Amino acid sequence: MKPSIPKGTRDFSPVEMARRNYILDTIRQVYFRYGYQQIETPAMENLTTLTGKYGEEGDQLLFKILNSRIHESKNKPALLEDFQRSLEKNTNSELLTERALRYDLTVPFARYVVMHQNDITFPFKRFQIQPVWRADRPQKGRYREFYQCDADVIGSDSLLNEVELIQIMENVFDQLNINVAIKINNRKILSGIAEIIGAGDMIVDITVAIDKLDKIGLEKVNEELRNKGLDEKAIQKLQPLLVFKGNTADTIAFLKTLLNDFEIGKKGIQELEYVFQLADSSFLELDITLARGLNYYTGAIFEVKANGVQIGSITGGGRYDDLTGIFGLPNVSGVGISFGIDRIYDVMNELGLFENLDLKQSGTRVMFVNFGQEEEKFCLKEIKKLRNAGINAELFPDQAKMKKQLAYADAKKIPYVILIGSEEMTSGIFTIKNMNSGEQFKKRLEDVMEELKG
RNA sequence: GUGAUUGUAGCUCAGUUGGUUAGAGCGCUAGAUUGUGAUUCUAGAGGUCGCGGGUUCGAGCCCCGUCCUUCACCCCA
């Protein structure tokens with residue numbers, strides 16, 4: 001049998017893992033620094049927890065898990081009927097599937113908050129780094145299994161949270177040395193705009209369409225709006241907004257005149273202004289065409305693009321006012337972001353940012369060559385001292401030929417090899433070989449440790 | 001879901017209008033070198049040409065189907 005893995009999934013080699021962990025450690029550290037606590041939730045959720053939260057398109061992308069032992073069902077006629085129906089259209093049958101793999105971390109988090117509301121002290125700042133699954137067609141920067149690194153604050157309306165999340169994004173990308181643009185918009189503004197043109201019910205279609213302005217241009221956006229059923233009058237009303245160009249201050253002034261009579265829109269502008277003022281970030285850009293598809297956003301929305309790399313957004317997020325409501329805990333507002341580390345990895349790889357990175361802390365620094373039974377015993381004691389001193393060290397497990405053992409160290413890029421034979425055992429002075437230069441020295445273990453620490 | 005694209009050795013890829021036994025480089029194993037890797041030399045192992053069917057005297061090459069890869073759309077991290 002030829003081994004293979006499912007479409008859109010990947011194995012990660014040791015080198016890739018070292019690099020991924022570098023990114024993950026950076027994010028984790030920043031999250032802790034801002035006072036976020038880590039949680040985990042199961043890979044699978046009850047299907048009812050997930051459906052209806054991501055829009056029609058999102059529901060289609062859920063990986064559903066077939067119920068086990070359906071062959072033992074006592075109600076096979078009903079099962080067959082449900083199966084027949086599922087061949088016709090996308091329906092959920094509890095008889096066929098009760099569980100699905102999580103699609104993101106935000107909805108499971110909302111479920112978690114409701115279930116543990118009595119144990120949580122609000123506002124709750126949590127982060128979560130786990131894989132999610134989507135039954136998408138894979139392409140560049142898109143996988144069926146990928147990690148999200150979420151940070152959310154739930155139970156606080158304060159815009160200070162938005163500001164803090166912007167600072168977190170700045171911190172992380174600064175540390176990773178990636179040049180980014182942090183784009184921000186506000187759903188309330190988009191709602192206001194939809195209201196102005198008299199199409200409040202079509203806000204999702206409108207936002208999805210204008211989100212593509214950069215990519216497909218004005219004509220195509222108008223065409224799509226027409227196709228979605230927006231009337232010509234409304235489209236005309238929308239034009240000034242679509243063609244508007246200007247810096248943040250200009251844009252806000254423009255929006256103010258546009259949305260002056262609409263409460264929601266005005267509120268959105270106020271929020272934006274406040275966040276801009278406090279964040280005081282040179283990376284932050286107002287982008288009124290930023291929409292984001294996820295249904296549950298109600299306030300600020302964020303998206304981060306890497307400059308100079310052709311790939312989708314590498315981080316996204318926003319405020320959601322009532323995600324916990326459907327689970328029975330109304331009026332709890334939350335705001336969060338999610339780093340897509342698989343895409344961040346691709347970006348760093350493309351920019352060559354891994355080349356000069358020092359990832360040695362995870363690799364072996366010294367290898368002891370194994371010369372025989374007596375030497376093994378001796379080396380085991382010596383290697384313990386190195387490990388206790390915090391130096392990554394290993395002893396070659398087999399009494400193989402020296403050639404084989406050195407080739408192993410070379411392949412693993414271990415910088416130092418210590419040779420201890422009978423001569424070294426009696427003198428207590430070891431032979432240490434620098435694998436980069438090929439040079440050899442005679443040294444005591446204490447001196448070796450000094451050198452390796454430095 | 002729609003439209004393209006790819007598949008030959010562990011990896012990267014050649015393979016002529018269909019013609020006998022499918023090649024190269026790198027890697028791997030062994031030796032030259034019994035305490036020295038990365039350089040050099042020598043030898044060796046490794047392939048159901050993605051899978052299934054068809055055309056043909058004959059298919060890696062042509063046709064159909066299917067799966068996989070990659071990419072765009074939709075949507076999204």
Side-chain angles (χ1 to χ4, degrees), chain A residues 1-10 13 23 27 54-62 89-90 102-106 129-150 204-205 207-209 211-212 215-216 220 224 227-228 290-295 302-306 310-318 336-347 367 369-372 375 396 399-424 430-440:
Chain A
M1 184 183 126
K2 227 179 193 172
S4 65
I5 54 174
K7 195 197 202 51
T9 66
R10 298 151 297 157
S13 67
I23 302 171
I27 294 170
Y54 308 108
E56 212 177 308
E57 202 72 47
D59 280 0
Q60 308 270 1
L61 299 180
L62 288 172
K89 57 174 186 173
N90 185 34
R102 70 166 102 78
Y103 176 90
D104 72 355
L105 301 178
T106 308
I129 299 176
Q130 290 189 273
V132 302
W133 293 269
R134 296 182 188 179
D136 233 346
R137 278 266 197 106
Q139 57 180 280
K140 185 173 184 188
R142 174 179 299 184
Y143 309 98
R144 285 184 151 184
E145 179 186 58
F146 61 97
Y147 271 70
Q148 288 194 335
C149 313
D150 276 33
V204 173
D205 286 333
T207 53
V208 166
D211 191 29
K212 293 178 200 157
K215 208 165 167 185
I216 62 177
K220 291 264 174 79
E224 180 162 334
N227 290 340
K228 292 282 182 190
L290 174 62
R292 298 189 57 74
L294 288 178
N295 276 347
F302 311 108
E303 198 159 284
V304 178
K305 289 253 164 103
Q310 201 62 42
I311 200 165
S313 62
I314 54 179
T315 293
I337 52 167
S338 177
F339 290 95
I341 86 132
D342 301 82
R343 283 185 181 175
I344 292 173
Y345 181 99
D346 290 346
V347 165
M367 187 192 85
V369 171
N370 186 334
F371 280 121
E375 288 87 345
F396 197 85
Q399 291 158 30
K401 282 182 188 156
M402 180 94 140
K403 184 186 169 91
K404 163 96 183 151
Q405 299 193 38
L406 286 175
Y408 170 86
D410 187 47
K412 235 175 140 176
K413 296 200 163 47
I414 298 172
Y416 295 97
V417 167
I418 292 179
L419 297 95
I420 300 177
S422 51
E423 190 189 311
E424 283 89 351
F430 308 147
T431 304
I432 175 165
K433 180 181 171 87
N434 181 325
M435 293 294 281
N436 291 319
S437 65
E439 292 172 306
Q440 281 183 201

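Throughout, protein chains are lettered first and strands after them, A, B, ... in sequence-line order, and every chain is numbered starting at 1. The shown structure was predicted, so the numbers you read here are calculated from the model rather than taken from an experiment.
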Using whole Å, report how far CG of A:Asp136 lies from C1' of B:rC73.
-> 12 Å
Between B:rA77 (C1') and A:Phe339 (CZ): distance, integer Å | 12 Å
Can you tell me the Watson-Crick or wobble partner of B:rC26, both distances under 3.5 angstrom?
-> B:rG10
Report the nucleotide, chosen from B:rA72, B:rC75, B:rG37, that has the shortest atom-to-atom distance to any side-chain atom of A:Lys140.
-> B:rA72
A:Lys403 has a side chain; which of B:rC76, B:rG37, B:rU29 sits nearest to it?
-> B:rG37
Can a donor-acceptor pair under 3.5 Å be found between the side-chain atoms of A:Arg137 and the base atoms of B:rC74?
-> no
Minimum-distance nucleotide to A:Ala407 side chain [options: B:rC71, B:rG37, B:rA77] = B:rG37
Who pairs with B:rG65 - Watson-Crick or G-U, where each distance is under 3.5 Å | B:rC51
Of B:rA30, B:rC74, B:rG35, the nucleotide closest to the side chain of A:Leu419 is B:rG35
Take the protein atom NZ of A:Lys401 and the nucleotide atom C1' of B:rA32, then report the distance between them rounded to whole Å.
-> 12 Å
Kindly indicate whether a cation-pi arrangement holds for A:Arg134 with A:Phe146, taking the cut-offs as under 6.0 Å to the six-membered ring centre and within 45° of the axis.
-> no
C1'-based separation of B:rG15 from B:rU21 [nearest Å] = 15 Å
More 5' along RNA chain B: A:Gln310 or A:Gly316, using each one's nearest nucleotide?
-> A:Gln310
Between the base of B:rG35 and the side chain of A:Glu423, is there a donor-acceptor distance below 3.5 Å?
-> no
Quantified in whole Å, what is the P atom distance between nucleotide B:rC49 and nucleotide B:rC57?
-> 22 Å
Quick one: is A:Lys404 getting a side-chain N or O under 4.0 Å of the B:rU33 phosphate, OP1 or OP2?
-> no
Would one find a side-chain N or O of A:Gln148 under 4.0 angstrom from OP1 or OP2 of B:rA77?
-> no
Mind checking the C1' distance from B:rU16 to B:rU12? Whole angstroms is fine.
-> 22 Å
Take atom CD1 of A:Ile432 and atom C1' of B:rG35, then tell me their distance rounded to the nearest Å.
-> 16 Å
With C1' as the reference atom in both, quote the distance from B:rC11 to B:rG46 in angstrom, rounded to an integer.
-> 13 Å
Please work out if A:Gly8 contacts a base, only the sugar-phosphate, or nothing of the nucleic acid, heavy-atom cut-off 4.0 Å.
-> sugar-phosphate
NA contact type, A:Gly141, heavy-atom cut-off 4.0 Å: base, sugar-phosphate, or nothing?
-> base
Base, sugar-phosphate, or nothing for A:Lys433, non-hydrogen atoms under 4.0 angstrom?
-> base
Report yes if the side chains of A:Phe339 and A:Asp150 come closer than 4.5 Å at any heavy-atom pair, otherwise no.
-> no
Salt bridge or not for A:Lys433 and A:Glu439, using N-O below 4.0 Å?
-> no
Checking all strands, does A:Gly438 fall into the base, sugar-phosphate, or nothing category for heavy-atom contacts under 4.0 angstrom?
-> base
If you check the A:Glu424 side chain, which of B:rC74, B:rU69, B:rG35 turns out closest?
-> B:rG35
State which of B:rC76, B:rG31, B:rG37 makes the closest approach to the side chain of A:Arg343.
-> B:rC76
Have a look at A:Lys212 and say if it touches a base, only the backbone sugar-phosphate, or nothing, with a 4.0 Å heavy-atom cut-off.
-> sugar-phosphate
Any strand, both distances under 3.5 Å, Watson-Crick or G-U wobble: B:rG35 pairs with none
Which of B:rG31, B:rC73, B:rG35 is nearest the side chain of A:Gln139? It is B:rC73
Is there a donor-acceptor contact under 3.5 Å linking the side chains of A:Lys412 and A:Tyr408?
-> yes
Output for pair (A:Leu62 CG, A:Tyr103 OH), nearest 0.5 Å, gives 7.5 Å
Minimum-distance nucleotide (side-chain atoms of A:Tyr143 versus B:rC73, B:rG31, B:rA77) = B:rA77
Hey, does A:Gly421 reach any base, or is it just sugar-phosphate, or nothing, if we go heavy atoms under 4.0 Å?
-> base
Give a yes or no answer on whether the side chain of A:Glu424 reaches the backbone of A:Gly421 with a donor-acceptor pair at less than 3.5 Å.
-> yes
Mind checking the C1' distance from B:rU39 to B:rA32? Whole angstroms is fine.
-> 15 Å
Report yes or no: is the ring centroid of A:Phe371 under 5.5 Å from the six-membered base ring centroid of B:rG35, with the two planes under 30 degrees?
-> no
Nearest-nucleotide pick for A:Glu57, side chain only, options being B:rC76, B:rG37, B:rC74 = B:rC74
Gap in Å between the two C1' atoms, one belonging to B:rU66 and one to B:rG10, rounded | 27 Å
Whole angstrom value for the distance that separates C1' of B:rC76 from CG of A:Leu62 = 13 Å
Inter-nucleotide P distance (B:rG53, B:rG60), Å rounded | 14 Å
Return the value, rounded to whole Å, for the distance between atom CD1 of A:Ile5 and atom P of B:rC67.
-> 18 Å
Just how far, in rounded Å, is P of B:rA77 from CZ of A:Phe302?
-> 14 Å
Once you round it to whole Å, what is the distance between P of B:rA38 and OH of A:Tyr416?
-> 20 Å
When all nucleic acid strands are considered with a 4.0 Å heavy-atom cut-off, which category describes A:Ser313: base, sugar-phosphate, or nothing?
-> sugar-phosphate
A:Asn434 side chain vs A:Asn436 backbone, donor-acceptor pair below 3.5 Å = yes
With A:Tyr143 as partner, the option from A:Asp346, A:Thr9, A:Asp136 fulfilling side chain to side chain contact (heavy atoms under 4.5 Å, CB included) is A:Asp346
Per atom distances to the A:Met402 side chain, the nearest of B:rU69, B:rC75, B:rU36 is B:rU36
Is the backbone N or O of A:Thr315 less than 3.5 Å from a side-chain atom of A:Glu303, with the two atoms forming a donor-acceptor pair by type?
-> no
C1' atom, B:rG50 versus B:rC67: distance in rounded Å?
-> 8 Å
